[in-house]
Amino acid sequence: MKYYSINNKSVLVDFKQATIEGQAADKGLYFPTEIPKWEKSFLKELKTLNKVHIGFEIMKPYVGESIPEDQLWKIMEETLSFDFPLKQINQNISVLELFHGPTLAFKDLGARFLSRCLGYFANSIGRKITVLVATSGDTGGAVADAFYNVEGTEVIILYPSGKVSIVQEKQLTTMGANIHALEVEGDFDDCQLLVKTAFADPELKEKLFLTSANSINISRWLSQQIYYAIGQSQWTHEESPIVSVPSGNFGNICAGLLAQKSGLEIKHFIAACNLNDVFTRYLATGNYEPSSSHATVSNAMDVGNPSNFVRITELYNHNIDEIKKHVSSNSFSDDATEKTIKNVFEKHRYLLDPHSAVAYLGMEKHIDQFPKDKGIILGTAHPVKFPSVVERVTQQEIPIPVQVEKVIKKDKNAMRVAPNFAQIKSLILQILQ
Ligand SMILES: *Cc1c(COP(=O)(O)O)cnc(C)c1O
């Protein structure tokens with residue numbers, strides 16, 4: 001399998017290069033040159049296959065020659081080391097819980113798959129790979145945990161001092177070993193700019209094998225298809241499901257659309273959005289008008305210009321009518337989101353986090369229109385990660401999961417730095433030498 005840059009189709013690379021680079025030199029996102037068709041027998045047998053087998057079959061054509069099969073199998077075992085249960089909330093709506101990973105975020109799967117692939121490549125090229133990321137909170141934790149003790153990799157995380165939650169800060173700063181946290185006296189934009197400057201710095205480029213662990217990386221994007229197949233493997237209704245995806249950068253839903261194109265039986269997709277409604281408006285008007293982001297209670301979806309939008313249009317040959325055949329979109333207010341968390345808890349005793357609640361709203365709206373349909377919403381975060389909202393509206397204390405308990409007890413270990421590139425650069429070189 002080869003991948004091209006969406007900005008220039010003549011730039012072709014294999015899985016290894018696309019994963020190591022993250023993004024093409026022309027800043028284009030990578031896209032596969034062909035969409036594999038999944039075997040009928042594989043689709044029929046889904047219910048009898050275990051999740052490692054499912055993940056292996058899905059990723060094999062995408063990985064191609066870049067990783068030998070026995071290694072890919074091992075990577076899958078390490079990636080899929082937690083459960084993805086499908087739970088029924090009411091007669092029409094089930095939730096696929098994607099938040100049982102080590103940092104309670106659905107991003108754990110993609111980050112783990114990427115870390116193992118980079119570890120394998122570092123080994124085969126005989127050079128350490130240094131991952132440099134800026135985080136506003138969640139990505140950093142998932143990346144820190146995923147890369148912890150992965151041989152051949154070092155990770156430097158820049159996060160804004162005082163602007164991440166206590167749990168998030170602990171997830172970032174307590175790992176040790178090959179994970180290094182820099183607490184930047186500035187905001188997220190400062191962190192992002194510092195990382196950008198580092199990638200453009202000739203000396204760093206020469207001394208280190210730098211890469212990012214960005215969500216646009218094909219390893220993170222493509223491996224999310226596995227969720228949809230695992231969801232399907234637990235689906236017991238006759239008719240295929242509607243799937244509602246709480247969307248921000250649209251990587252997750254775009255992976256679902258890709259799985260559908262490969263043959264997975266999903267009747268329709270709902271891109272459920274908060275007030276950041278650039279995609280909802282695009283489907284309604286045909287105009288794509290990105291804006292700056294608005295802060296909401298489902299903050300991992302506060303994106304004004306979703307990076308995977310171009311992959312969705314690429315998937316359907318830039319034909320908006322084709323896109324609309326497969327996906328609808330709605331946008332919901334914080335008020336509606338909070339009411340849903342409360343109502344679903346009171347009626348069904350199920351605790352939704354704010355992101356999953358937006359997905360629930362999208363599904364509910366669909367079911368109002370098509371009462372016979374049955375659907376799956378993707379549960380992308382554990383409610384304990386958003387206690388201020390969830391506990392306030394439900395008046396319930398959320399039991400602390402072991403993953404959080406463990407990390408809270410550990411001591412923070414971060415280097416505090418001013419947002420000054422020269423200082424940070426010498427610090428990075430010092431850490432890694
Ligand atoms: C990242 C994230 C999303 C949005 O996923 P995209 O792939 O960016 O659309 C939704 N919910 C949670 C909890 C997230 O962390």
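Side-chain atoms are counted along with the backbone in the values below, which use heavy atoms only and exclude waters and symmetry mates. Order of listing sets the numbers, starting from 1, for every ligand and every atom in it.
Of the protein's heavy atoms, Asn252 N, 2.9 Å lies nearest to atom 7 (O) of ligand 1. Among all non-hydrogen protein atoms, the one lying nearest atom 8 (O) of ligand 1 is Asn249 N, 2.8 Å.
With atom 13 (C) of ligand 1 as the reference point, the heavy atom nearest to it among Asp353, Val245, Asn274, Thr380 is part of Thr380.
Contact annotation: Ser247 has at least one heavy atom less than 4.0 Å from an atom of ligand 1.
At under 3.5 Å, not a single nitrogen or oxygen of Phe106, backbone or side chain, sits near a nitrogen or oxygen of ligand 1. Looking at Met301 next to ligand 1, no N or O pair under 3.5 Å apart turns up. Checked by distance only, ligand 1 and Gly248 come closer than 3.5 Å through their nitrogen or oxygen atoms. On a distance-only criterion, Lys107 and ligand 1 share at least one N/O pair closer than 3.5 Å.
Below 4.0 Å from some heavy atom of His355 lie the following atoms of ligand 1, by number and element: 11 (N), 12 (C), 13 (C). For ligand 1, the atoms lying closer than 4.0 Å to a non-hydrogen atom of Ala381 are 13 (C). Close approach of ligand 1 to Pro246 (heavy-atom distance below 4.0 Å) involves ligand atoms 4 (C), 10 (C). Short contacts between ligand 1 and Phe250, defined as distances under 4.0 Å to a heavy atom of the residue, involve ligand atoms 6 (P), 8 (O), 9 (O). Counting atoms of ligand 1 from 1 in the listed order, those under 4.0 Å from a heavy atom of Gly251 are 6 (P), 7 (O), 9 (O).
A side-chain donor from one of Ser5 and Asp26 sits under 3.5 Å from a side-chain acceptor of the other. Asn274 and Asp334 share no side-chain donor-acceptor pair at under 3.5 Å. Between the side chains of Tyr30 and Glu21, at least one donor-acceptor pair of N or O atoms lies under 3.5 Å. Side-chain polar atoms of Glu183 and Ser161 form a donor-acceptor pair below 3.5 angstrom.
The neighbour count for Glu346 CD, taken as heavy atoms of other residues, nucleotides or ligands under 6.0 Å away, is above 12.
Between Arg220 and Thr139 the shortest side-chain heavy-atom distance falls below 4.5 Å.
With sequence neighbours left out, Glu265 forms a salt bridge (charged side-chain N to carboxylate O under 4.0 Å, His left out) with no residue at all.
For the pair Arg349 and Phe345, the distance from NZ or CZ to the six-membered ring centre is under 6.0 Å and the angle to the ring normal is within 45 degrees.
His100 and His382 have perpendicular rings, their planes meeting at more than 60° on a 0 to 90° scale where under 30° would count as parallel.
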